[in-house]
Amino acid sequence: MNRKLLDLWVGVFVVIGIAALLFLALKVGNLSASNFLETYPLTAKFDNIGGLKVRGPVKSAGVVVGRVSDVRFDPQTYEAVVTFNIDARYKFPKDTFASILTAGLLGEQYIGLDAGGDEKMLKSGDVIAKTQSAVVLEKLISQFLFSKASEGPEKK
Amino acid sequence: MARRILEVVAGLGHRVNEKLQRMGFAARFFVMLLVYSGQSFRRLHLTIREVYFSGVLSLLIILVSGLFVGLVLGLQGYETLQRYGSSEALGILVALSLTRELGPVVAGLLFASRAGSSITAEIGLMKATEQLKAMDMMAVNPIARVVAPRFWGGVISMPLLAAMFSAMGIFGGYLIGVVFIGVDEGAFWSQMQASVDFRNDVWNGVIKSFVFGVAVSLIAVFEGYDSVPTAEGVSRAITRTVVNSALAILALDFVLTSFMFRGL
């Protein structure tokens with residue numbers, strides 16, 4: 001086989017390989033979407049974070065605005081301390097409400113931010129004061145069962 | 001009785017010694033290979049030729065098996081996921097299992113049996129017909145002229161082949177899941193994108209396939225270079241290449257996985 005044809009084939013091979021990598025990076029992976037250029041960290045304390053994981057999304061009005069960077073346990077207050085990075089383009093008021101929500105019934109958990117009405121904005125490193133914990137399905141079910149059980153006999 | 005036991009222990013020691021010596025020889029061979037790589041890169045068309053033989057000619061088997069692995073994953077994954085009413089997660093299942101594990105591992109195994117065996121056969125036959133010695137006589141270094149290009153050809157081809165395998169497999173999963181079964185297309189891709197991370201999943205897969213490429217190529221060229229120069233010796237060397245490569249890939253995969261995906 002002459003050398004030019006061989007070079008051509010190898011060139012085609014390398015191009016296909018790189019195209020496959022790009023496909024994996026852009027279409028399959030989240031290289032295009034999730035890497036915010038500039039971010040600032042915020043912290044929030046929760047009684048219970050449920051199944052929230054590092055790199056989980058932070059959403060506001062359903063749009064991903066940041067990612068969870070760290071989850072720790074505070075041994076003094078027995079709370080979970082969650083640090084997350086917010087895209088620097090977005091600013092949130094001081095009285096923003098952070099809650100842990102679930103995508104779908106059994107989907108992944110994420111932090112939902114509901115903006116408040118304060119004039120002052122949260123700065124880098126601030127702590128969000130108002131939080132709501134994850135809803136634990138077992139607790140919900142047991143509450144429901146207990147309330148059913150307590151009202152049950154009276155009706156009959 | 002005591003002598004029998006002593007004999008058995010001595011036999012074991014002999015075998016361990018032999019294996020260790022061979023490994024030491026392999027390590028020295030690897031260093032020599034790296035040292036003479038510079039020389040062989042000066043004649044780059046030698047390496048390009050080997051990329052053609054081990055990479056381009058493996059394209060068909062890699063693409064076809066990638067497609068079929070993806071099809072099977074899609075079919076079986078759907079079968080299980082739809083029981084829990086989460087068939088939209090099919091994209092995650094197919095993409096994660098391919099980029100993290102199946103892509104590099106299966107592509108590596110195919111590469112070892114398709115390209116590794118032919119590299120060993122070629123070098124072993126060269127040795128059997130004393131072409132390597134003839135080169136040495138003509139002051140041509142056989143490691144720089146024959147071994148290094150084949151090694152680097154394999155190392156370059158392997159990650160590209162693994163990426164193609166994964167991409168083709170995901171396309172196969174898409175074909176089965178979205179086109180034939182009718183999983184929602186938007187959910188398929190968006191859930192996949194939400195949970196496949198470029199650095200953690202895709203890039204680690206690329207690193208894996210690179211490591212496998214180095215391991216398979218090294219085993220292939222070493223077994224060829226170290227083969228007994230007879231017809232039987234060469235055939236044994238080829239068998240050893242395929243067996244050792246497969247074992248090396250699976251063992252390395254376990255080690256790499258336990259380092260890369262801890263706590264994920």
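Note on naming: letters A, B, ... go to the chains in the order of the sequence lines (proteins, then strands), and numbering restarts at 1 for each one.
Between A/Phe13 and B/Leu161 there is a side-chain heavy-atom pair separated by less than 4.5 Å.
The parts of B/Ser157 that come within reach of chain A are both its backbone and its side chain, each placing non-hydrogen atoms under 4.5 angstrom from that chain. Contacts between B/Leu59 and chain A at a heavy-atom distance below 4.5 Å involve the side chain alone, from C-beta outward. Of the atoms belonging to B/Val202, it is side-chain heavy atoms, and not backbone ones, that fall under 4.5 Å from chain A. Neither the backbone nor the side chain of A/Val12 comes within contact range of chain B; no heavy atom of the residue lies under 4.5 Å from a heavy atom of that chain.
Distance check, rounded to the nearest 0.5 Å: CG of A/Leu26 to CD of B/Gln193 gives 9.0 Å. Atom CG of B/Leu44 sits about 9.0 Å away from atom CG of A/Asp7, to the nearest 0.5 Å. How far CG of A/Leu24 is from CD1 of B/Ile170: 5.0 Å, rounded to the nearest 0.5 Å. To the nearest 0.5 Å, atoms OH (B/Tyr52) and CG (A/Leu8) are separated by 10.0 Å. To the nearest 0.5 Å, atom CD1 of residue B/Ile48 and atom CZ of residue A/Arg3 are 8.5 Å apart.
Atom CH2 of B/Trp189 sits in a crowded spot, with more than 12 heavy atoms from other residues, nucleotides or ligands closer than 6.0 Å. Heavy-atom neighbours of B/Phe68 CZ from other residues, nucleotides or ligands within 6.0 Å: at or below the threshold of 12. In the displayed structure, A/Lys139 atom NZ is contacted under 6.0 Å by at most 12 heavy atoms of other residues, nucleotides or ligands. Summarising the local packing, CZ of B/Phe210 is surrounded by 12 or fewer heavy atoms from other residues, nucleotides or ligands at distances under 6.0 Å. Remark: B/Phe254 CZ is loosely packed, at most 12 non-hydrogen atoms of other residues, nucleotides or ligands lying under 6.0 Å away. Under a cut-off of 6.0 angstrom, the local environment of OH in B/Tyr36 is sparse, with at most 12 non-hydrogen atoms contributed by other residues, nucleotides or ligands.
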